[in-house]
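Remarks on the structure that follows.
Bear in mind that the values here come from a model prediction, so they are computed numbers and not experimental data.
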Amino acid sequence: DQFNPDGTLKAQAYLVYDMRSTQQQYSFVVQGEGSWRMEGNAITLIVPKVVKQDRSETKYPELVNDKDLVPEDLSDTWTVQAHQGKNMRVIVGSLADEMLCQKE
């Protein structure tokens with residue numbers, strides 16, 4: 001994700017799924033533009049519309065339209081756990097997982 005000082009945001013997610021039922025791997029890219037803001041230790045991402053791309057070797061158009069697999073938007077709330085210099089560790093709300101961010 002690219003957070004700009006003016007509050008604009010370019011967001012991207014790369015999703016990979018190993019489907020046991022077909023024994024194949026499916027991959028998708030979701031990209032969008034929106035805005036962000038920080039209040040206290042919460043970062044709010046507002047990305048209401050995205051472009052979805054199926055990057056799988058074998059295409060199944062119904063999967064790219066499955067909202068449980070490929071999100072319709074990238075809006076989310078992250079919680080800052082630690083910040084030091086150019087590094088910031090956050091918990092991504094939708095994933096409940098930690099991520100390390102670096103300022104360029």
Nearest heavy-atom neighbours spanning C101 and V90: SG-CG2, 4.0 Å
Side-chain donor/acceptor of S35 to backbone N/O of G7, under 3.5 Å: no
Close side-chain approach of Q12 and V30, heavy atoms under 4.5 Å: no
Shortest non-hydrogen contact from D73 toward V50: CA-CG1, 3.9 Å
Verify same cluster id: M88, W36 (apolar side-chain graph, 4.5 Å): yes
CG on N41 to NE2 on H83, rounded to 0.5 Å: 12.5 Å
Reported NZ-to-CD distance for the pair K10 and Q31, which is rounded to 0.5 angstrom: 10.0 Å
Mutual orientation of the aromatic rings belonging to F28 and Y17 [parallel < 30°, tilted 30-60°, perpendicular > 60°]: tilted
Between CE on residue M38 and CZ on residue F3, distance to nearest 0.5 Å: 10.0 Å
Identified side chain to side chain contact (heavy atoms under 4.5 Å, CB included) counterpart of L9 within the set I46, L74, I43, L45: L45
Under 3.5 Å: donor-acceptor pair, side chain of S27, backbone of R55: yes
Under 3.5 Å: donor-acceptor pair, side chain of T44, backbone of T77: no
Cluster check V92, L15: I/L/V/M/F/W/Y, side chain < 4.5 angstrom: yes
Neighbour count >12 (heavy atoms, 6.0 Å) for atom CD, E62: yes
Interatomic distance, M99 atom CE to R89 atom CZ [nearest 0.5 angstrom]: 10.5 Å
N4 side-chain N/O to D6 backbone N/O, donor-acceptor pair under 3.5 Å: no
Atom pair OG1 (T58) and CG (L63), whose distance is rounded to the nearest 0.5 Å: 11.0 Å
Salt bridge flag under 4.0 Å for residues E72 and K49: no
Residues Q53, V64; criterion side-chain contact (heavy atoms from CB on, under 4.5 Å); working and verdict: CA-CA 7 Å; Q53 299 173 351; V64 78; over 6 Å; no
Where D1 and A11 come nearest, the two heavy atoms and their spacing: OD1-CA, 3.1 Å
Distance-minimising heavy-atom pair for N65 and K52: OD1-NZ, 4.0 Å
Exercise: identify the closest heavy-atom pair between S56 and Y26: OG-CA, 3.2 Å
Value rounded to 0.5 Å, distance of CD1 in I91 from CD in E98: 5.0 Å
Minimum-distance pair of heavy atoms, taken over all atoms of P48 and E33: CD-O, 4.4 Å
Same cluster (ILVMFWY, side-chain, under 4.5 Å), V70 and Y14: no
